[in-house]
Amino acid sequence: MARILVIDDEPNIRAMVALALRQGGHTVEEAEDGIDGLERFGDGSGWDVTLLDQRMPGLAGLDVLRYMKELAPSAAIVMMTAFGTVDLALDVMEAGATDFLRKPFPLEALRGAVTAAMLRPAITAPESAVAPDGGRFHRVTLNGFLIQPLRQPATRRSGELQQTVAVRMPNGNLTPCIVAFPSELVESIRRTLGEAEMHARDRFWQALAEEMMAQYLWDNANVPMGAVLRRADYEPFLDRWLTAVAGRGQGAWEHGIPSMER
């Protein structure tokens with residue numbers, strides 16, 4: 001069982017999180033804000049996992065995270081937020097967080113994030129959340145789930161374009177998931193970008209599938225039912241993503257996938 005520090009300015013949230021974790025056999029201590037949290041954190045040696053709220057009065061969670069990583073580079077720190085986005089999660093992971101947990105979260109997601117933080121090596125120094133091959137999510141854990149590098153071409157089945165994405169579960173198991181693009185959406189994307197922007201189309205669909213799966217994991221804290229995700233319509237994040245692709249010009253895929261506006 002783990003020794004866990006919970007830092008959150010909302011008493012009800014602290015109490016709920018602490019109760020759930022104590023019921024699981026963990027030892028839990030609470031801190032009411034960033035200053036109190038840093039004092040209790042000390043040099044980090046007394047804690048296996050720290051749960052840290054992002055938005056707090058006084059010292060913000062991201063600042064607390066940076067101080068903690070200076071004191072204890074290998075500390076496992078899970079950020080919690082009700083206001084974040086997938087792109088904020090990328091910033092937080094670059095600062096050294098182990099995971100990014102979205103409020104309100106089911107207790108299974110809380111326990112999963114703690115389990116994942118204990119199983120996976122902590123980021124010991126700030127590093128880019130973009131993998132060498134251009135992937136954005138290969139070092140970013142969302143609600144306890146991690147998208148793993150996978151270079152596999154898309155396939156055509158039953159009128160859909162299907163792309164496989166590998167998702168590392170909170171317990172460490174690897175689950176292949178399929179992101180299915182209906183033919184209507186595929187044609188809409190082709191018309192938006194044109195063939196010239198999609199000449200490296202295998203990497204294009206892999207990156208787009210990872211983006212969509214990351215958004216799903218962020219919103220739902222679980223893999224889709226049957227491990228198949230279908231998206232038939234444009235969504236706001238997809239519009240921004242495609243706009244970023246179009247803005248990079250022909251050959252952009254040789255240099256990795258685009259970052260969305262933050």
Side-chain angles (χ1 to χ4, degrees), residues 1-123 126 140-146 169-171 217-222:
M1 295 296 102
R3 299 160 298 168
I4 302 174
L5 175 61
V6 179
I7 307 172
D8 197 306
D9 64 304
E10 298 183 53
N12 292 339
I13 297 294
R14 289 201 312 272
M16 180 274 291
V17 170
L19 177 62
L21 294 175
R22 287 176 182 135
Q23 287 177 339
H26 300 295
T27 299
V28 183
E29 188 169 325
E30 303 172 40
E32 63 184 13
D33 57 32
I35 298 298
D36 185 25
L38 283 173
E39 291 177 354
R40 296 175 187 270
F41 182 79
D43 64 1
S45 61
W47 310 104
D48 297 305
V49 180
T50 296
L51 296 169
L52 174 62
D53 187 32
Q54 161 60 13
R55 183 172 292 189
M56 297 184 292
L59 198 59
L62 190 55
D63 295 325
V64 175
L65 170 63
R66 292 187 175 115
Y67 283 129
M68 287 180 171
K69 297 303 287 189
E70 289 180 4
L71 294 167
S74 62
I77 302 172
V78 176
M79 293 292 293
M80 306 181 294
T81 183
F83 307 97
T85 64
V86 170
D87 284 333
L88 175 59
L90 293 168
D91 289 336
V92 168
M93 300 302 286
E94 287 179 351
T98 307
D99 199 345
F100 203 55
L101 191 60
R102 181 177 183 177
K103 296 179 179 179
F105 41 76
L107 295 183
E108 309 87 73
L110 171 64
R111 297 187 184 106
V114 169
T115 298
M118 295 172 62
L119 288 175
R120 294 174 189 154
I123 299 174
V140 181
T141 311
L142 303 167
N143 292 320
F145 297 85
L146 179 70
M169 307 293 280
N171 63 6
L217 294 172
W218 176 242
D219 290 337
N220 298 277
N222 207 342

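It should be emphasised that the depicted structure is a prediction, and the values quoted were computed from it without experimental measurement.
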Minimum heavy-atom separation for [X] to [Y], with atom names?
X      : Y      : result
Gly144 : Ala116 : O-CB, 3.8 Å
Asp43  : Ala72  : O-CB, 3.3 Å
Ala109 : Ala221 : CB-CB, 3.8 Å
Lys69  : Ala75  : NZ-O, 3.0 Å
Pro57  : Asp9   : CD-OD2, 3.4 Å
Val28  : Ala18  : CG1-CB, 3.8 Å

When rounded to the nearest 0.5 angstrom, what distance separates [atom1] in [X] from [atom2] in [Y]?
X      : Y     : atom1 : atom2 : value
Leu107 : Met16 : CG    : CE    : 6.0 Å
Thr27  : Leu5  : OG1   : CG    : 12.5 Å
Leu38  : Leu52 : CG    : CG    : 8.5 Å
Leu21  : Arg3  : CG    : CZ    : 14.5 Å
Thr81  : Leu62 : OG1   : CG    : 10.5 Å
Leu142 : Asp99 : CG    : CG    : 7.0 Å

Side chain proximity check, [X] to [Y], heavy atoms < 4.5 angstrom:
X      : Y      : answer
Phe145 : Asn220 : no
Val78  : Leu51  : yes
Glu10  : Lys103 : yes
Val17  : Asp8   : no
Tyr67  : Leu59  : yes
Met68  : Leu65  : no

#### Entry: Carboxylate-amine/guanidinium contact Asp53 Arg14, below 4.0 Å
no

### Query
Thinking salt bridges, do Arg102 and Asp219 make one under a 4.0 Å N-O criterion?
yes

### Task
List the steps and the verdict of side-chain contact (heavy atoms from CB on, under 4.5 Å) for Met56 and Ile7.
CA-CA 9 Å; Met56 297 184 292; Ile7 307 172; 4.0 Å; yes

### Query
After noting the C-alpha distance and the side-chain angles of Asp63 and Arg66, does the key distance pass the side-chain contact (heavy atoms from CB on, under 4.5 Å) rule?
CA-CA 5 Å; Asp63 295 325; Arg66 292 187 175 115; 3.7 Å; yes

### Query
Looking at residues at least two apart in the chain, or sitting in another chain, which of them share a side chain to side chain donor-acceptor pair (under 3.5 Å) with Arg40?
Glu29, Asp36

